[in-house]
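Only heavy atoms go into these numbers, but all of them, side chains included; no hydrogens, no water, no symmetry mates.
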Amino acid sequence: MRKYHVAVFTVTFILFLGTLSVAAELQDGFMGYKWGGDISHYDEFTELYSKGDITYYSNPDESYTIDDISINNVIFGFYKESLFGVYVCIDTLEIYDRIKQHMKLKYGLPDTKTVSSDRLTLKWKYQDVAIKLKIDEMRGKMKLAFYYRPLSRDLKKKQLDEIHETSFRFFPIDKNKKPDMVPFLEF
C-alpha cells in the first residue's frame, strides 16, 4: 500500500512540475518569443500591417502546437517594437472546443465570461498575461489571444487618450462648468 502512495505522489508531483514549467513559459513569453522582446531579434517575421506604434507580424514558415493541435495562423503584435500580443486564428469548432477545454484544464474556469449578441468571450488572467478566447457565431470567426498586460495596458490607455482627443463630441460641454441653458423649443 505504501508503494502505491509513493507512486501516486511521484506521478502527481511530476505532472505538477510539468504544468508549472508550461505556465512559466507563458509568463516569460509565447513559445519562445519573449514578452516585450524587440522585433529586431526576430528576423524570420514578415510584416502584415502597421498603424502608428503598432505592427503585426507572422512567421509563415513556422507551425505551433497547443495541446497537440497544429496551428499555422499565428499573428504577433508589437507595440513600439516590443511584443505585446499573440493572436491564434482558429479554423474549426472542433479545434475551438479542444482549445477551450485545454485552457480550462491549464488555467481553471475563466475569470470572466462576456456574452453579447452572437459573441462569446472567455477571459483568464495568469500573472502578467491576459488570455481571451473569442467566438463570433455570425461571422464564424474564432481566435485565442494572449496579451502581455504591462504593454497592453499602456497601449489601451494611449488608444483611449487618442480617441478622446480626436473624437467628435455632440455636446462640447465641460463637466466642470455649468452650461448655459438653451431653450429646446420656443412657441
Side-chain angles (χ1 to χ4, degrees), residues 18-19 21-107 110-112 114 116 118-163:
T19 302
S21 67
V22 171
E25 287 177 16
L26 182 59
Q27 175 58 27
D28 295 335
F30 179 83
M31 300 198 182
Y33 299 100
K34 187 168 176 52
W35 295 123
D38 193 275
I39 186 60
S40 64
H41 295 122
Y42 307 114
D43 296 332
E44 66 275 13
F45 281 162
T46 302
E47 185 175 324
L48 300 174
Y49 175 77
S50 184
K51 182 176 181 183
D53 290 333
I54 303 170
T55 307
Y56 296 98
Y57 296 88
S58 73
N59 185 355
D61 298 329
E62 191 166 1
S63 182
Y64 307 90
T65 57
I66 297 176
D67 191 33
D68 296 329
I69 302 166
S70 181
I71 299 169
N72 296 323
N73 197 356
V74 177
I75 298 171
F76 297 85
F78 286 79
Y79 171 59
K80 293 185 178 178
E81 299 187 2
S82 297
L83 180 63
F84 81 93
V86 177
Y87 308 92
V88 177
C89 298
I90 301 170
D91 297 328
T92 67
L93 281 173
E94 177 189 354
I95 292 174
Y96 174 87
D97 288 336
R98 283 183 62 194
I99 289 176
K100 182 169 84 173
Q101 194 63 25
H102 174 75
M103 299 305 289
K104 285 181 178 179
L105 287 172
K106 185 172 267 182
Y107 302 106
D111 296 316
T112 59
T114 308
S116 61
D118 293 326
R119 293 182 186 163
L120 170 66
T121 303
L122 304 174
K123 297 177 186 178
W124 292 266
K125 291 179 186 171
Y126 177 75
Q127 295 181 9
D128 283 339
V129 179
I131 306 164
K132 294 181 183 179
L133 180 61
K134 297 181 178 184
I135 184 167
D136 184 333
E137 292 178 3
M138 288 297 286
R139 293 191 284 161
K141 295 196 175 215
M142 300 165 279
K143 77 174 181 179
L144 174 65
F146 300 89
Y147 300 98
Y148 183 55
R149 290 172 37 205
L151 286 175
S152 64
R153 275 192 299 253
D154 291 346
L155 173 60
K156 190 174 183 178
K157 183 181 183 313
K158 182 177 185 264
Q159 284 180 332
L160 290 175
D161 288 344
E162 286 177 3
I163 289 169

**OP:** Verify, without hydrogens or angle tests, whether R149 (side chain) and Q127 (backbone) share a donor-acceptor contact under 3.5 angstrom.
**Re:** yes

Original post:
How far does CZ of F76 sit from CZ of F30, to the nearest 0.5 angstrom?
Top reply: 6.0 Å

Original post:
Would you say the side chain of V74 lies within less than 4.5 Å of the side chain of V86, judging by non-hydrogen atoms?
Top reply: yes

Original post:
Would you say the side chain of I71 lies within less than 4.5 Å of the side chain of I66, judging by non-hydrogen atoms?
Top reply: yes

Subject >> K80 side, atom NZ; I54 side, atom CD1 - distance, nearest 0.5 Å >> reply: 10.5 Å

Subject >> Euclidean distance, I69 CD1 relative to H102 NE2, rounded to 0.5 Å >> reply: 8.0 Å

Original post:
When L120 is tested against each of D136, T114, I135 for side-chain contact (heavy atoms from CB on, under 4.5 Å), which residue passes?
Top reply: I135

Original post:
Between Y64 and N59, is any pair of side-chain heavy atoms under 4.5 Å apart?
Top reply: yes

**OP:** Given side chain to side chain contact (heavy atoms under 4.5 Å, CB included), test E137 with M142 step by step and report yes or no.
**Re:** CA-CA 8 Å; E137 292 178 3; M142 300 165 279; over 6 Å; no

Original post:
Taking C-beta and beyond as the side chain, do Y49 and Y57 meet within less than 4.5 Å on heavy atoms?
Top reply: no

Original post:
Hey, what do you get for OH (Y147) to CG (L83), rounding to the nearest 0.5 Å?
Top reply: 12.5 Å

Subject >> Any side-chain heavy-atom pair of R119 and R139 under 4.5 Å >> reply: yes

Subject >> Modelled atom types, side-chain donor and acceptor of T55 and S50, under 3.5 Å >> reply: yes

Subject >> Heavy-atom closest contact (Y87 atom, K143 atom, distance) >> reply: CD2-NZ, 3.9 Å

**OP:** May I ask you to decide whether D111 forms a salt bridge with K125, counting only side-chain N to carboxylate O separations under 4.0 Å?
**Re:** no

Original post:
How many angstroms lie between atom CD1 of I99 and atom NZ of K104, to the nearest 0.5 angstrom?
Top reply: 13.5 Å

Original post:
Is the closest side-chain heavy-atom distance between Y107 and I131 below 4.5 Å?
Top reply: yes

Original post:
Do the two ring centres, one from Y148 and one from F84, sit under 6.0 Å apart?
Top reply: no

Original post:
Is the gap between the ring centers of F78 and Y56 under 6.0 Å?
Top reply: no

**OP:** Taking all non-hydrogen atoms of both residues into account, name the closest pair between L151 and G36 and its distance.
**Re:** CD1-CA, 3.8 Å

**OP:** Find the distance between OG (S82) and CG (D38) and round it off to the nearest 0.5 Å.
**Re:** 6.0 Å

Original post:
So, does T92 use its side chain to make a donor-acceptor pair with the main chain of I95 at under 3.5 Å?
Top reply: yes

Original post:
Got a sec: does the CD of E47 have more than 12 other heavy atoms crowding it under 6.0 Å?
Top reply: yes

Original post:
Can you check whether Y42 and Y33 have ring centres sitting under 6.0 Å from each other?
Top reply: yes

Original post:
Does atom CD of E44 have more than 12 heavy-atom neighbours, drawn from other residues, nucleotides or ligands, at distances under 6.0 Å?
Top reply: yes

